[in-house]
> 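Structure incoming, see below.
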2 protein chains.
Amino acid sequence: MVKTSQALSHEMDIEEDWIERASGVYSRYYVDFNNGENALLLGTQAANLAVKDSNIKLEDIDCIIGACGSPLQAIPCNASLFQRELGLENSGVSCFDVDTTCYSFPLAVFIAPTLIQLNVYNKILIISSDAPSPTLETAEREVRALFGDGAAAVVVSKTPEGEKSKVHHFKLNTYSNGADLTSIKGAGTLRHPNHSETKPEDNVFQMDGKKVYKLALKYLKPFLKELERESKIINSNYKYIVPHQTSKNGMKIFYKHGFAVDRVANHLTNHGNCIAASIPMVLHDYIKEEKIKRGDKILLFGTSAGLSLGALSLTY
Amino acid sequence: MVKTSQALSHEMDIEEDWIERASGVYSRYYVDFNNGENALLLGTQAANLAVKDSNIKLEDIDCIIGACGSPLQAIPCNASLFQRELGLENSGVSCFDVDTTCYSFPLAVFIAPTLIQLNVYNKILIISSDAPSPTLETAEREVRALFGDGAAAVVVSKTPEGEKSKVHHFKLNTYSNGADLTSIKGAGTLRHPNHSETKPEDNVFQMDGKKVYKLALKYLKPFLKELERESKIINSNYKYIVPHQTSKNGMKIFYKHGFAVDRVANHLTNHGNCIAASIPMVLHDYIKEEKIKRGDKILLFGTSAGLSLGALSLTY
């Protein structure tokens with residue numbers, strides 16, 4: 001369901017326009033958690049649509065990679081739970097997750113073709129799904145203002161003859177001096193949910209938005225320069241940069257670094273930040289709107305908790 | 001610290017020899033959680049030893065893969081937290097996790113060389129660390145009897161000239177009809193720690209040992225047959241099978257399937273089941289004891305929550 005910032009501001013008992021001003025988000029989608037909607041359902045629906053759009057059958061999939069920003073449950077991996085929801089529970093189809101929080105999707109898109117080239121798999125289903133909304137009520141207002149629920153999925157297979165689809169370059173730089181700036185400190189073995197000293201706030205996302213912004217800004221310029229040098233593709237050659245939808249200010253960074261506003265894929269205003277699902281969701285929208293077409297060079301860029309900066313340069 | 005099954009049986013108020021009979025575990029190691037020991041510390045120590053054993057410097061590492069069975073905290077990824085503990089917090093070294101629970105280590109060992117071949121990285125540090133002990137007090141007795149804490153790490157780099165190290169084949173079959181048989185249902189967005197309906201038992205590992213055993217047994221025979229056919233390596237050609245240390249009965253399965261007792265790497269009796277750390281820990285022991293030497297063919301085999309069966313065939 002759509003949750004407008006206006007409605008949310010009433011629930012949060014804050015000024016009506018504070019959320020829009022602070023985050024740039026006018027509305028986002030929330031699952032109806034108490035009626036059985038959650039990240040598992042969203043991811044499964046996205047996966048079914050991706051398979052349909054690829055003109056293949058579910059049975060053609062031979063690997064499922066979970067590329068989410070948050071676990072559905074601690075054990076087993078998300079991919080395995082998606083496999084069951086898809087009705088493939090007796091198939092033996094390989095299931096595993098990759099995780100670098102908000103940048104998990106491009107990481108999976110980078111790994112998948114290498115496994116296809118090695119003839120380990122033919123058709124890999126990548127699912128990114130995050131539904132933080134049921135936990136947001138207890139989060140800080142900056143966090144609550146920003147996040148939404150969403151999912152997207154893709155099928156990766158061999159490039160058909162005559163097409164140019166290709167991964168050009170992958171780059172992931174992690175600076176864990178920023179590990180505490182965006183984190184959920186609980187829900188693992190360090191601050192276990194059952195431990196007497198674990199507090200409820202340990203179990204929700206915490207963010208020092210200003211410090212993250214400052215740190216990301218510090219690393220971004222050399223990162224983009226190195227990327228150009230290593231990939232031998234100058235940034236102006238990308239039709240679109242498809243960035244993680246961090247926040248209004250997070251998106252503005254790119255405009256300062258040589259990406260024209262109309263070349264930065266953006267749907268923050270009506271989706272918010274959907275963690276790992278953001279990049280594939282915007283990508284999906286831009287493909288559906290035919291802004292991104294086969295043969296276009298695009299750059300999947302993201303900052304993520306870690307703190308990581310990631311870039312995947314590819315021809316769609 | 002060492003926790004003997006005898007001491008544990010007194011704490012659990014059960015017959016002195018029940019644990020040995022049921023699990024095959026005589027002792028296991030527990031972290032001293034209240035004095036700052038945990039999976040983060042164990043993994044960091046293992047990583048430092050792996051780097052030292054590899055005769056390289058920490059600064060030579062250009063990627064860290066977390067390959068644990070349980071998260072240290074929900075966000076960011078384990079690898080990022082290890083990076084910080086290793087003092088590499090300003091290095092920019094890539095950090096991400098891979099997860100298929102107990103089989104995460106071989107999955108990482110399979111992915112790492114493909115990234116090195118692509119010249120993305122030179123030296124990849126893989127860390128597997130799990131310390132479930134602080135959560136076991138509230139777990140069922142079958143679970144409590146079985147698990148221990150542990151960590152191991154390896155450095156993957158290009159095969160030196162004249163050596164034969166090579167990955168031959170990777171196989172991972174997931175049957176999510178067994179997803180509920182070994183699980184932690186909580187600690188994610190489906191049963192969030194702060195949700196009023198989440199129970200303490202949702203946050204600990206639950207296992208239906210008999211059903212897992214039965215299901216694994218059903219899938220094992222065809223799995224091993226397919227593995228032989230696909231890899232073109234007959235099982236008798238492996239010097240050792242290095243299996244996940246599931247349980248006494250779990251280890252016996254291999255004897256029934258043509259692996260002689262002395263070719264099945266085993267340290268269950270004095271380590272228990274250390275989740276994702278088990279396979280690299282036994283591997284480490286067998287390398288240190290010179291049972292496994294450069295040029296030996298080995299098979300890293302594991303059943304894991306999912307339910308998955310995995311095999312990585314390689315020359316060490």
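A note on names: the letters A, B, ... follow the listed sequences, proteins ahead of strands, and every chain is numbered from 1. Predicted, not measured: the structure shown is a model, and the values here were computed from it.
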> With a 4.5 Å limit on heavy-atom distance, are the side chains of B/N194 and A/V204 in contact?
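They are in side-chain contact.
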> Are the side chain of B/S94 and the backbone of A/L172 linked by a donor-acceptor contact shorter than 3.5 Å?
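Side chain of B/S94 to backbone of A/L172: a pair is present.
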> For the candidates A/G66, A/A187, A/A305, which exhibits the highest count of non-hydrogen atom pairs separated by less than 4.5 Å from chain B?
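Of the options given, most contacts go to A/A187.
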> Specify which of A/G186, A/C95, A/C63, A/S91 makes the most heavy-atom pairs with chain B at under 4.5 Å.
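Option with the greatest count: A/C95.
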> So, does B/N203 use its side chain to make a donor-acceptor pair with the main chain of A/P193 at under 3.5 Å?
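Not a single qualifying donor-acceptor pair exists.
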> Indicate yes or no: at least one non-hydrogen side-chain atom of A/L118 is less than 4.5 angstrom from one of B/F170.
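In short, these two side chains do not touch, never coming nearer than 4.5 Å.
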> Could you tell me which of B/T114, B/N90, B/L88, B/V98 has the largest number of non-hydrogen atom pairs under 4.5 Å with chain A?
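Highest number of pairs under 4.5 Å: B/N90.
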> Which atoms of B/L115 are under 4.5 Å from chain A, going by heavy atoms: the side chain, the backbone, both sets, or neither?
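Just the side chain, heavy atoms under 4.5 Å.
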> Given heavy-atom pairs under 4.5 angstrom as the criterion, report whether the side chain, backbone, both or neither of B/F205 touches chain A.
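Looking at B/F205, just its side chain touches chain A.
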> Pick from A/L307, A/N38, A/L72: which one has the most heavy-atom pairs with chain B under 4.5 Å?
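Top option by heavy-atom pairs under 4.5 Å: A/L72.
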> Would you confirm whether A/T100, through its side chain, and B/F96, through its main-chain N or O, come within 3.5 Å as a donor-acceptor pair?
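Not at all, since once roles are kept as given, no pair shorter than 3.5 Å links the two residues.
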> Using a 4.5 angstrom heavy-atom cutoff, name the option from B/S176, B/P76, B/G69, B/S80 with the most pairs to chain A.
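The answer is B/S176.
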> Counting heavy-atom pairs under 4.5 Å with chain B, which one of A/L309, A/T189, A/N173, A/T174 comes out on top?
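Top count of heavy-atom pairs under 4.5 Å with chain B: A/T174.
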